[in-house]
Amino acid sequence: MTTTHSETVPARAAWSSVVPAGATLTLTDLHGNQAVDFLVYDAKDTSVRYSAPDTLHAQGGIFLSTGSVLLSNEHTPLMTVVADEVGRHDTIGGACSKESNTLRYGHHTWSQHACVDNFLAEGARYGLGKRDLVSNINWYMNVPVEKDGTLGIVDGLSAPGRTLTLRAARDVLVLVSNCPQINNPCNGFEPTAVGMTITGADPA
């Protein structure tokens with residue numbers, strides 16, 4: 001018998017959950033063109049956490065899709081992308097913050113809510129602080145890299161209802177910021193809600 005738990009994460013909001021080993025987490029872009037910033041930790045030892053360098057080196061590329069394994073800083077698997085209706089997700093664009101917003105878009109953006117705020121608030125529930133924030137994944141975000149090495153943030157590749165599913169290799173803690181950014185096209189300039197569904201087996 002399997003159990004399923006679903007939640008809707010409002011626009012601009014944070015979300016977190018422990019996903020048990022073997023269970024899956026499905027993200028649903030309910031309205032289309034919504035970036036979802038994502039961090040993952042070993043639930044039993046949060047010093048073991050997602051590592052962008054290990055993950056990208058192991059797979060030989062900067063974009064994530066079906067088959068991509070999210071590796072930890074110990075080069076061990078945390079989660080694997082087992083299904084993807086979009087085809088390409090960002091690993092290098094980072095999380096928006098008050099500081100980066102000010103640098104990129106002007107001082108008038110300082111008071112705007114940002115993904116780093118979400119990560120800090122949600123992470124604090126588990127004893128995590130600023131030093132525990134590492135380079136994150138941006139599901140659904142479209143960050144093309146040009147031949148000269150420059151990158152941009154452009155309209156997303158997703159559409160309403162498209163999903164992405166990850167399977168946990170161990171008990172993992174997932175932190176999500178449903179990106180509140182309104183100064184670039186990563187959310188179509190209008191952040192919207194996303195869905196989170198955890199599906200797993202009942203204990204015997």
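- Val194 is not connected to Phe119 by any chain of hydrophobic side-chain contacts under 4.5 Å among Ile, Leu, Val, Met, Phe, Trp and Tyr, and they are in different clusters.
- Side-chain contact check for Ile62 versus Val145: some heavy-atom pair is nearer than 4.5 Å.
- In terms of hydrophobic clustering, with Ile, Leu, Val, Met, Phe, Trp and Tyr side chains grouped at heavy-atom distances under 4.5 Å, Trp15 and Leu164 are assigned to a common cluster.
- Looking at Asp171, its side chain does come within 3.5 Å of a backbone N or O of Ala21 through a donor-acceptor pair.
- Considering only heavy atoms from C-beta on, Leu128 comes within 4.5 Å of Thr46 through its side chain.
- Note on Arg49 versus Asp132: salt bridge recorded, some NZ/NE/NH1/NH2 to OD/OE distance being below 4.0 Å.
- Side-chain atoms of Ser177 do not come within 3.5 Å of backbone N or O of Ala14 as any donor-acceptor pair.
- Of the inter-residue distances, the one linking Cys186 atom SG with Gln181 atom CD reads 5.5 Å to the nearest 0.5 angstrom.
- Within the model, atoms OG1 of Thr3 and CD1 of Ile198 stand 9.0 Å from one another, a figure rounded to the nearest 0.5 Å.
- No side-chain donor-acceptor contact under 3.5 Å links Asn33 to the backbone of Asp155.
- Closest non-hydrogen pair, Thr163 versus Thr28, comes out as CG2-OG1, 3.4 Å.
- Note that the OG atom of Ser51 and the CG atom of Leu71 stand 7.5 Å from one another [nearest 0.5 Å].
- A continuous path of ILVMFWY side-chain contacts below 4.5 Å connects Met79 to Trp139, so both sit in one hydrophobic cluster.
- Judged by distance alone, the side chain of Asp117 and the main-chain N or O of Ala114 form a donor-acceptor pair under 3.5 Å.
- The shortest side-chain heavy-atom distance between Phe38 and Leu64 does not fall under the 4.5 Å cut-off.
- Residues Gly94 and Asp90 approach most closely at N-OD2, 4.2 Å, considering heavy atoms.
- When side chains are defined from C-beta on, Tyr50 does not count as touching Asn136, because their heavy atoms never get closer than 4.5 Å.
- With hydrogens and angles ignored, the 3.5 Å screen pairs a side-chain donor or acceptor of Gln34 with a backbone N or O of Cys179.
- To the nearest 0.5 Å, atom CG of residue Leu27 and atom CE of residue Met196 are 4.0 Å apart.
- Criterion: ILVMFWY side-chain heavy atoms under 4.5 Å apart, direct or through other members. Under it, Val9 and Tyr126 are not part of a common hydrophobic cluster.
- A 4.5 Å side-chain heavy-atom check between Thr91 and Thr55 finds every atom pair outside the cut-off.
- Counting only heavy atoms from C-beta outward, the side chains of Leu39 and Leu133 approach each other to under 4.5 Å.
- Annotation for Asp84 and Ser65: closest pair OD2-OG, 2.8 Å, computed over non-hydrogen atoms.
- In this structure, the side chain of Thr80 does not engage the main chain of Arg167 through any donor-acceptor pair within 3.5 Å.
- No side-chain heavy atom of Ser72 sits under 4.5 Å from any side-chain heavy atom of Asp42.
- Residue Leu70 is not grouped with residue Leu173 when hydrophobic side chains (ILVMFWY) are merged at heavy-atom distances under 4.5 angstrom, including chains of intermediate members.
- No hydrogens or angles considered: nothing links the side chains of Thr26 and Thr197 as a donor-acceptor pair under 3.5 Å.
- Note on residues 52-84: no pairs pass ring-ring contact (aromatic ring centres under 6.0 Å, His included), not counting sequence neighbours.
- Of all heavy-atom pairs spanning Arg12 and Asn118, the tightest one is O-ND2, 3.0 Å.
- In terms of modelled atom types and a separation under 3.5 Å, the side chain of Asp54 and the main chain of Asn73 share no donor-acceptor contact.
- Of the possible donor and acceptor atoms, none in the side chain of Asp29 sits under 3.5 Å from a partner among the backbone N and O of Arg162.
- Here the shortest heavy-atom pairing between Val69 and Pro77 reads CG1-CB, 3.7 Å.
- With His89 contributing its side chain and Tyr140 its backbone, the two residues share a donor-acceptor pair below 3.5 Å.
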(message) Set out, in order, the CA-CA distance, both residues' side-chain angles and the distance that settles side-chain contact (heavy atoms from CB on, under 4.5 Å) for Val174 and Ser17, then state yes or no.
(response) CA-CA 6 Å; Val174 170; Ser17 183; 5.7 Å; no

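- When the shell of 6.0 Å around CZ of Arg170 is examined, it contains more than 12 heavy atoms from other residues, nucleotides or ligands.
- Note that OG of Ser16 and CD of Glu122 are 3.5 Å apart. Values are rounded to the nearest 0.5 Å.
- The closest donor-acceptor contact from the side chain of Asn178 to the backbone of Asp37 lies at 3.5 Å or more, if one exists at all.
- Residues Val36 and Val176 are in side-chain contact: their nearest non-hydrogen atoms beyond the backbone lie under 4.5 Å apart.
- Distance CG/Leu166 to CG/Leu78: 11.0 Å, rounded to 0.5 Å.
- When all heavy atoms are compared, the tightest approach of Thr66 to Ala83 is OG1-C, 3.8 Å.
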